[in-house]
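Worksheet: the structure to be examined is printed underneath.
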Amino acid sequence: MTRYWPRAADGLPPGQGLLAEMPRFSAKPFLPPPAAPSGPELAITLGRQPLAQVAGDLLESLGPRDVRADFHCVTTWSVTGLVWRGVPLREVLAAAGITEMPAPYAVALGTDRQWASFVWEDLSADDVLLATHLDGEALDGRHGGPLRLVTPSQYGYKNVKHFMTLNFQHHEPAVVSKQHLRARVALEERHTRLSARALRLPYGMLVGPTARPLRAVAPTRCVD
Ligand SMILES: Nc1nc2c(c(=O)[nH]1)N[C@H]1C(S)=C(S)[C@@H](COP(=O)(O)O)O[C@H]1N2
Ligand SMILES: [Mo]
């Protein structure tokens, strides 16, 4: 079985090492990916109030484009030069009539119930993408199909796969286990409280057991 071991490489953010390929990485690495809905659709809400429903044809009409970006998991692995295809989230929101910040915070939720919290500034940044493809292939169960949030300046855990709901909130969301509200890679915001430098070694030791080789994962159709 492939063993992943990040290696030192020039030009990576602080504390990161390089992997040759993107593994499947999940909070529940031994479970298969969740069953996929038939097509890309994202519900946007403000508290309990529905704001918009984004379907695949809206994304098509906005003109999906290719964006090259590196990807950095908080456990210290990085992969470089990924090509995502999608539409900047800010454009999607604008097309759905959301041109101003509905609320200062938001929670992005995946169909596997994994979620990540955001401040508006991070979510509306230029490089944040609503992605449907990776390296020329439609996103599948491994990498978060049919719709994935891609936010290259933040750690992997903000890049919510199987993206289903974006919920704006007036109050700061409760912290998700170890996550940092901002999680900016350049500032090494790995964890809410613990020192990022002190976490590099123990997090790095998690990469081997938790990063799943792609071939070991069943395709999208399998059920939770
Ligand atoms: N829905 C969902 N999104 C998720 C995760 C998850 O378990 N579920 N894991 C996160 C973490 S920690 C990382 S590093 C990346 C991994 O993406 P990949 O599996 O495409 O490599 O997805 C992120 N998004
Ligand atoms: Mo991660």
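Ligands are counted one by one from 1 in listed order, and the atoms in each one are counted from 1 as well. Keep in mind the model is a prediction, meaning the values are calculated, not measured.
Only the side chain of Phe71 comes within 4.0 Å of ligand 1, counting heavy atoms alone; its backbone N, CA, C and O stay farther away. Contacts of Met22 with ligand 1, taken as heavy-atom pairs under 4.0 Å, involve the side chain alone. Contacts between Trp115 and ligand 1 below 4.0 angstrom, taking non-hydrogen atoms only, are absent altogether. In Pro23, the part holding a heavy atom less than 4.0 Å from any atom of ligand 1 is the backbone. With a 4.0 Å cut-off on non-hydrogen atoms, Lys158 does not touch ligand 1 at all. The part of Asn159 lying near ligand 1 is the backbone, judged by heavy-atom distances below 4.0 Å.
Close N/O approach between Arg148 and ligand 1 is found [any backbone or side-chain N/O within under 3.5 Å]. Checking only distances, Tyr157 never comes within under 3.5 Å of ligand 1, N or O to N or O.
Panel note: side chain Glu189, backbone Arg184; a donor-acceptor pair is recorded below 3.5 Å. A donor-acceptor distance shorter than 3.5 angstrom exists from the side chain of Lys158 to the backbone of Ser117, with no hydrogens or angles considered. The backbone N or O of Tyr155 lies less than 3.5 Å from no partner atom in the side chain of His72, so there is not a single donor-acceptor pair. Distance alone, capped at 3.5 Å, places no donor-acceptor pair between the Glu41 side chain and the Met164 backbone. The backbone N or O of His180 lies less than 3.5 Å from a partner atom in the side chain of Tyr157, making a donor-acceptor pair. Panel note: side chain Arg148, backbone His143; a donor-acceptor pair is recorded below 3.5 Å.
Under a 4.0 Å criterion applied to the non-hydrogen atoms of Ser26, ligand 1 contributes the atoms 7 (O). Against a heavy-atom cut-off of under 4.0 Å, Cys73 is close to the following atoms of ligand 1: 14 (S). Close contacts of ligand 1 with Trp77, meaning ligand atoms under 4.0 Å from a residue heavy atom, involve 14 (S), 21 (O).
In terms of protein heavy atoms, atom 20 (O) of ligand 1 is closest to His143 ND1, 2.5 Å. The nearest heavy-atom contact from the protein to atom 23 (C) of ligand 1 is Gly156 O, 3.3 Å. Shortest contact from atom 2 (C) of ligand 1 to any protein heavy atom: Asp112 OD2, 3.4 Å. Counting only heavy atoms of the protein, atom 7 (O) of ligand 1 lies nearest to Ala27 N, 2.8 Å. Nearest protein heavy-atom neighbour of atom 19 (O) of ligand 1: Lys161 NZ, 2.5 Å. With respect to atom 12 (S) of ligand 1, the closest heavy atom belonging to the protein is Phe25 CD2, 3.7 Å.
Counting all heavy atoms, side chain and backbone alike, Leu166 lies closest to Leu42 at N-CD1, 4.0 Å. When all heavy atoms are compared, the tightest approach of Glu91 to Leu62 is O-CD1, 4.1 Å.
Side-chain polar atoms of Asp70 and Thr80 form no donor-acceptor pair below 3.5 angstrom. There is no side-chain donor-acceptor pair under 3.5 Å between Thr151 and Asp127.
Of all the listed residues (Arg113, Arg142, His72, Gln114), Gln114 holds the heavy atom that lies closest to atom 6 (C) of ligand 1.
Around atom CZ of Arg197, no more than 12 heavy atoms belonging to other residues, nucleotides or ligands sit under 6.0 Å away.
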